[in-house]
Number of protein chains: 2
Amino acid sequence: MTDIKAGPNPLYLREDQLHEAMELLFFAYRDFTTECDAILASHGFGRAHHRVIYFVGRNPDISVTALLEILRITKQSLSRVLGRLVEEGFVTTRQDPADGRRRLLTLTAKGRSLEGRLSATQRARIARAYRSAGGIAVEGYREVLMGIIDEADRRRFERP
Amino acid sequence: MTDIKAGPNPLYLREDQLHEAMELLFFAYRDFTTECDAILASHGFGRAHHRVIYFVGRNPDISVTALLEILRITKQSLSRVLGRLVEEGFVTTRQDPADGRRRLLTLTAKGRSLEGRLSATQRARIARAYRSAGGIAVEGYREVLMGIIDEADRRRFERP
DNA sequence: CCTTTATGTCAGTCACGTTGACTTATATGC
DNA sequence: GCATATAAGTCAACGTGACTGACATAAAGG
């Protein structure tokens with residue numbers, strides 16, 4: 001009799017916990033991206049432009065191939081987006097002095113300014129979440145997300 | 001002189017930590033979704049179909065409006081996706097007995113089967129990450145993501 | 001009865017991803 | 001030095017999944 005209400009079976013709980021994790025990721029990503037959309041739209045840009053601006057900003061002199069590997073899209077897809085960003089003066093390309101086949105991408109001052117405006121809203125959201133959750137929670141967030149990420153990309157987050 | 005190499009200023013460190021958080025979310029979401037794409041593509045479906053199947057599966061007898069609120073898309077966007085899922089027998093609609101204006105959405109056996117196949121790959125990924133990170137980390141993951149999610153949707157994750 | 005709500009639909013547009021084929025420039029290995 | 005491989009760019013065609021705007025219908029509710 002005591003067992004009847006002792007709780008749902010542990011397998012059911014576990015499934016539910018996994019569903020919760022999936023939904024947390026879905027809602028967090030949804031809300032994380034929406035604020036930037038208005039700023040981007042005012043330039044006629046979309047999320048693809050944001051991703052390029054962000055990763056070029058974080059990795060000055062990145063090669064096109066390296067950027068493609070981060071984004072996991074085709075070069076034809078990148079081409080349209082990157083082409084516009086270069087055309088409109090947000091990104092510059094220069095030849096790699098060490099390997100003339102490579103084009104190195106860097107943000108212009110204009111690009112850095114837009115990047116800053118976009119990142120600021122997202123940083124604020126993260127900072128708020130980090131502050132309210134605390135340091136131990138932050139470490140847990142990091143460990144779980146690293147576990148979700150494909151092994152090949154985990155090294156990006158290794159610590160000195 | 002000792003100060004010169006004493007370390008980067010704390011503000012810079014903090015910015016870097018926030019950028020790490022942003023990238024973790026980006027890569028995790030990217031990798032979380034890619035495995036399902038092949039299964040979906042074999043049906044001629046995309047991620048939009050997956051989202052509908054998932055949330056209808058998790059919320060049997062959900063109304064169209066409630067689903068729209070979760071997805072935060074327009075009814076015109078949902079219409080094409082949902083229409084195909086109903087047409088091809090993955091989702092059924094019925095009139096709400098309590099309010100005849102509402103249509104209640106539920107997965108068919110066929111829909112549950114596809115949902116199960118899709119969720120299984122994602123659950124496996126989460127379960128692996130949860131196991132390797134441990135219970136304390138899982139709690140942190142949950143707290144931080146809840147903080148990132150808009151306040152209005154946080155109640156979805158409240159505990160009994 | 002009139003207004004509001006829930007849903008569906010037609011029409012047009014745009015962002016952003018895809019595949020496939022082809023070119024050009026440079027690097028590198030035999 | 002030549003052949004092959006790599007990095008990048010380009011043209012073309014295509015599909016999904018978002019959007020806006022306008023309009024229709026059925027049911028609920030004051």
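Residue numbering restarts at 1 for every chain, and letters A, B, ... go by the order of the sequence lines. All figures in this text were calculated on a predicted structure; none of them were measured in a lab.
Residues satisfying the side chain to side chain contact (heavy atoms under 4.5 Å, CB included) test with B:Thr74, not counting sequence neighbours, are B:Gln76, B:Ser77. With sequence neighbours excluded, the residues forming a ring-ring contact (aromatic ring centres under 6.0 Å, His included) with B:His49 are B:Phe45, listed by chain and number.
Going from atom CZ of A:Arg51 over to atom P of C:dC16 covers 7 Å, rounded to whole Å. What separates CG of B:Asp96 from P of D:dA28 is a distance of 9 Å, to the nearest Å. Whole-Å rounding puts the B:Ile53 CD1 to D:dG17 P distance at 11 Å. Atom P of nucleotide C:dG8 and atom CD of B:Gln95 are separated by 11 Å, given to the nearest angstrom. Rounded to a whole Å, the CG atom of A:Asp37 is 13 Å from the C1' atom of C:dC16.
A salt bridge is absent between A:Glu88 and A:Lys110; no separation between the charged side-chain nitrogens and carboxylate oxygens falls under 4.0 Å.
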Nucleic acid footprint by protein, nucleotides 3-16 of chain D - heavy-atom cut-off 4.0 Å, B for base, S for sugar-phosphate alone: ---BSBBBB-----

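When each of A:Val81 and A:Pro97 is assigned the nucleotide of DNA chain C bearing its nearest heavy atom, the one mapping closer to the 5' terminus is A:Val81.
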Could you list the donor-acceptor pairs under 3.5 angstrom formed by side chains in residues 151-160 of chain A, with sequence neighbours left out?
residue  : atom : partner  : partner atom : Å
A:Asp153 : OD1  : A:Arg156 : NE           : 2.8
A:Asp153 : OD1  : A:Arg156 : NH2          : 3.2
A:Asp153 : OD2  : A:Arg72  : NH2          : 3.3
A:Asp153 : OD2  : B:Arg30  : NH2          : 2.3
A:Arg154 : NE   : A:Met146 : O            : 2.8
A:Arg154 : NE   : A:Ile149 : O            : 3.1
A:Arg154 : NH2  : A:Ile149 : O            : 3.0
A:Arg155 : NE   : A:Ala152 : O            : 3.4
A:Arg159 : NH1  : A:Glu139 : OE1          : 3.4

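Between A:Ser77 and the phosphate of C:dC16, there is no side-chain N or O to OP1/OP2 separation shorter than 4.0 Å.
Screening residues 36-45 of chain B for side-chain hydrogen bond (donor to acceptor under 3.5 Å, both in side chains) gives B:Asp37-B:Arg47, B:His43-B:Arg117 as the qualifying pairs, with residues at least two apart or on separate chains.
Cluster partners of B:Ile136, by chain and number: A:Ile136. The rule joins Ile, Leu, Val, Met, Phe, Trp and Tyr whenever side-chain heavy atoms lie under 4.5 Å apart.
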